[in-house]
Amino acid sequence: MESMGEVLRSMNNSALRQRSRDLEQGLFNNPLVKQLQADHPELDESRLRLHLSRLYQYVEEDRHCKNCPGLENCPNDFQGHYSKLTVETVNGIPDLYERKTPCKLKIAQDNQDNIRKRIRSFYVDERVLNGGYDEMDIMGKDPRRASAVNRIFDYIATVRAEGLTSRGIYLQGSFGTGKTFLMCYLLHELAIAGHSGVIVYMPDFIEELKLIMMDNQKLKEMVDTMKNCDLLIFDDIGAENLNPWARDHVLGAILNYRMNRKPTFYTSNYPLDGLEKHLSMTSKDGEEVYKGQRLMDRIAPFVDVIPLHGDNQRGTVR
């Protein structure tokens with residue numbers, strides 16, 4: 001492809017030729033180009049003139065970045081990237097090369113995208129996961145939450161320093177105190193550290209199981225995802241309408257696989273003894289105390305119970 005300067009110089013119109021000369025002069029007087037020449041005296045001006053279009057784009061994109069309108073409105077040719085010029089010697093001849101380099105905003109966006117890819121949700125409102133987290137806001141929203149919040153912070157810090165263990169958290173509290181939000185925060189922070197996570201809203205999950213129980217492939221993929229992720233959260237456990245198959249063959253299989261392997265987390269309105277009673281009851285078979293105890297043997301020994309106190313925050317602006 002011909003350079004911009006070559007195209008302009010090929011035209012016979014005197015006004016265009018003058019415009020070409022003015023453009024070249026302006027480029028060579030630009031501080032960025034002068035600095036490039038100072039840093040690379042081996043690159044003479046005649047060689048630079050062969051790359052006027054690169055120099056022009058280099059200067060223009062630098063101007064755009066200094067007046068950045070935000071990543072979504074980036075006017076550069078390659079959104080979120082700017083032209084970076086380097087001088088390399090090939091076969092004894094120094095020449096100018098251009099590379100597209102991601103800007104800070106693009107790097108930050110890519111990092112966030114990578115974090116989101118590590119987190120998968122089943123039936124949880126994505127707005128909770130993507131709403132953003134401010135630690136001061138988390139701590140200061142309701143002083144009665146401070147003890148629970150500090151223990152969540154401590155858990156995150158321990159995993160960052162020492163890695164995952166098989167021990168999770170059972171976050172218990174009344175409606176609207178922020179249990180789901182805190183668990184999403186934990187997932188987000190540990191995803192930054194490279195851990196994969198899944199959060200499952202239990203009432204909808206159990207209802208979905210009833211619909212896909214005959215779809216063996218989809219069921220296997222879902223269960224395998226929950227078995228193998230680094231962190232698994234069962235959100236609002238105890239609010240679901242259990243049936244024996246979902247409890248014993250799906251939930252039981254997941255918990256049986258994860259215990260002593262990977263941490264599982266729970267949010268619930270029930271204390272542990274109340275959850276055991278709930279798990280003992282199914283819509284089909286009524287109360288089966290042994291079945292509830294069997295499942296609790298895969299939950300209670302592997303969690304630290306954290307009570308979460310506070311006001312119902314639903315309907316308020318976070």
Side-chain angles (χ1 to χ4, degrees), residues 120-124 148 151 155 159 164-175 179-180 182-183 186-187 196-308:
R120 185 170 179 183
S121 66
F122 290 98
Y123 322 107
V124 174
R151 290 182 67 180
Y155 186 94
V159 171
L164 287 174
T165 69
S166 61
R167 196 157 192 83
I169 290 171
Y170 187 88
L171 190 60
Q172 186 266 322
S174 56
F175 298 101
K179 300 184 294 296
T180 302
L182 285 175
M183 285 292 100
L186 179 144
L187 272 189
S196 63
V198 171
I199 182 167
V200 184
Y201 181 59
M202 284 298 290
D204 287 351
F205 172 54
I206 297 300
E207 291 304 309
E208 180 72 8
L209 285 178
K210 298 173 185 177
L211 299 176
I212 67 169
M213 61 185 300
M214 302 305 294
D215 187 341
N216 291 333
Q217 183 60 33
K218 185 174 182 180
L219 179 63
K220 184 179 186 303
E221 289 175 359
M222 184 182 292
V223 170
D224 285 349
T225 297
M226 295 181 193
K227 282 182 176 180
N228 295 310
C229 62
D230 294 334
L231 309 118
L232 173 62
I233 298 171
F234 286 121
D235 184 40
D236 210 5
I237 192 170
E240 67 282 343
N241 184 19
L242 276 175
N243 61 64
W245 174 77
R247 179 191 62 191
D248 302 331
H249 298 286
V250 179
L251 186 58
I254 294 169
L255 294 179
N256 190 64
Y257 180 86
R258 292 184 65 85
M259 66 176 186
N260 289 320
R261 282 191 178 95
K262 298 181 178 184
T264 305
F265 304 79
Y266 309 83
T267 74
S268 183
N269 297 325
Y270 286 112
L272 283 178
D273 56 354
L275 180 65
E276 181 174 334
K277 185 174 181 179
H278 167 78
L279 294 175
S280 299
M281 301 291 297
T282 64
S283 56
K284 181 180 179 182
D285 295 336
E287 185 172 13
E288 297 178 290
V289 175
Y290 170 74
K291 297 289 183 69
Q293 291 175 343
R294 186 172 183 273
L295 211 55
M296 287 305 296
D297 284 345
R298 288 153 176 76
I299 296 176
F302 304 100
V303 294
D304 293 321
V305 178
I306 300 179
L308 181 63

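Since the structure is predicted, the reported quantities are computational estimates derived from the model, not experimental observations.
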Q) Can you tell me how far CZ of R120 sits from CD1 of I199, rounded to the nearest 0.5 angstrom? A) 14.0 Å

Q) Hey, does M183 have a side-chain heavy atom less than 4.5 Å from the side chain of D235? A) no

Q. Counting distance only, does the side-chain N/O of E287 pair as donor-acceptor with the main-chain N or O of M281 below 3.5 Å?
A. no

Q: Carefully, step by step, assess E221 and K218 under the rule salt bridge (charged side-chain N to carboxylate O under 4.0 Å, His left out).
A: CA-CA 5 Å; E221 289 175 359; K218 185 174 182 180; over 6 Å; no

Q. If every non-hydrogen atom of P307 is compared with every non-hydrogen atom of A148, which pair is closest and at what distance?
A. O-CB, 3.5 Å

Q. CG/N228 to CD1/I254 distance, rounded to the nearest 0.5 angstrom?
A. 10.5 Å

Q: Report yes or no: does R298 contribute a side-chain atom to a donor-acceptor pair with the main-chain N or O of G252 at less than 3.5 Å?
A: no

Q: Check V198 against M226 and note the closest heavy-atom contact, atom names and distance.
A: CG1-CG, 4.4 Å

Q. For T264, does its backbone N or O pair with a side-chain atom of R167 as donor and acceptor, under 3.5 Å?
A. no

Q: Could you tell me whether the side chain of L231 reaches within less than 4.5 Å of the side chain of V159, counting heavy atoms only?
A: no

Q) With a 4.5 Å limit on heavy-atom distance, are the side chains of M213 and H249 in contact? A) no

Q) Looking at residues at least two apart in the chain, or sitting in another chain, which of them share a salt bridge (charged side-chain N to carboxylate O under 4.0 Å, His left out) with D215? A) none

Q | Cation-pi, Y257 ring and R261 (6.0 angstrom, 45 degrees) | A | yes

Q | Steps toward side chain to side chain contact (heavy atoms under 4.5 Å, CB included) verdict (K262, L164) | A | CA-CA 7 Å; K262 298 181 178 184; L164 287 174; over 6 Å; no

Q. For N260 and S166, does a side-chain donor sit closer than 3.5 Å to a side-chain acceptor?
A. no

Q. Looking at side-chain heavy atoms only, is the closest gap between M202 and L251 below 4.5 Å?
A. yes

Q) For the residue pair Y266 and Y170, does the interplanar ring angle fall in the parallel (under 30°), tilted (30 to 60°) or perpendicular (over 60°) class? A) tilted

Q: Heavy atoms only: give me the nearest P203-A239 pair and the separation to one decimal.
A: CG-CB, 3.7 Å

(Q) Rounded to the nearest 0.5 Å, what separates atom CG in L232 from atom CG in D230? (A) 11.0 Å

Q: Please assess R151 against I169 for the test side chain to side chain contact (heavy atoms under 4.5 Å, CB included), listing each intermediate value before the final yes or no.
A: CA-CA 10 Å; R151 290 182 67 180; I169 290 171; over 6 Å; no

Q. Near K227 NZ, under 6.0 Å, is it more than 12 heavy atoms from other residues, nucleotides or ligands?
A. yes

Q.
For D236 and K179: C-alpha separation, side-chain torsions, deciding distance, then whether side chain to side chain contact (heavy atoms under 4.5 Å, CB included) applies.
A. CA-CA 9 Å; D236 210 5; K179 300 184 294 296; 5.6 Å; no

Q.
Taking the side chain as everything from C-beta on, heavy atoms only, tell me whether F234 gets closer than 4.5 Å to I299.
A. no

Q: Would you sort out whether L209 and L219 count as a side chain to side chain contact (heavy atoms under 4.5 Å, CB included), showing the intermediate values?
A: CA-CA 8 Å; L209 285 178; L219 179 63; 3.6 Å; yes

Q) Roughly how far, to the nearest 0.5 Å, is the CG atom of L187 from the CZ atom of F265? A) 8.0 Å

Q. Got a donor-acceptor contact below 3.5 angstrom from the E240 side chain to the G238 backbone?
A. yes

Q: Measure the shortest side-chain to side-chain distance between T180 and I233 over non-hydrogen atoms and say whether it is less than 4.5 angstrom.
A: no

Q) Should L242 and H278 count as side-chain neighbours, where that means a heavy-atom distance under 4.5 Å? A) yes

Q: For the pair S268 (side chain) and I237 (backbone), establish whether a donor and an acceptor sit closer than 3.5 Å, ignoring hydrogens and angles.
A: yes

Q: Kindly give the heavy-atom pair with the smallest separation between P301 and M296, and that separation in Å.
A: CD-O, 3.5 Å

Q.
How close do I212 and M222 get, counting heavy atoms only, and between which atoms?
A. CD1-CE, 3.8 Å

Q. Would a 4.5 Å heavy-atom cut-off, applied to side chains only, mark N241 and I206 as touching?
A. no

Q. Taking all non-hydrogen atoms of both residues, which atom of P263 and which atom of Y155 are closest, and how far apart?
A. CB-OH, 3.7 Å

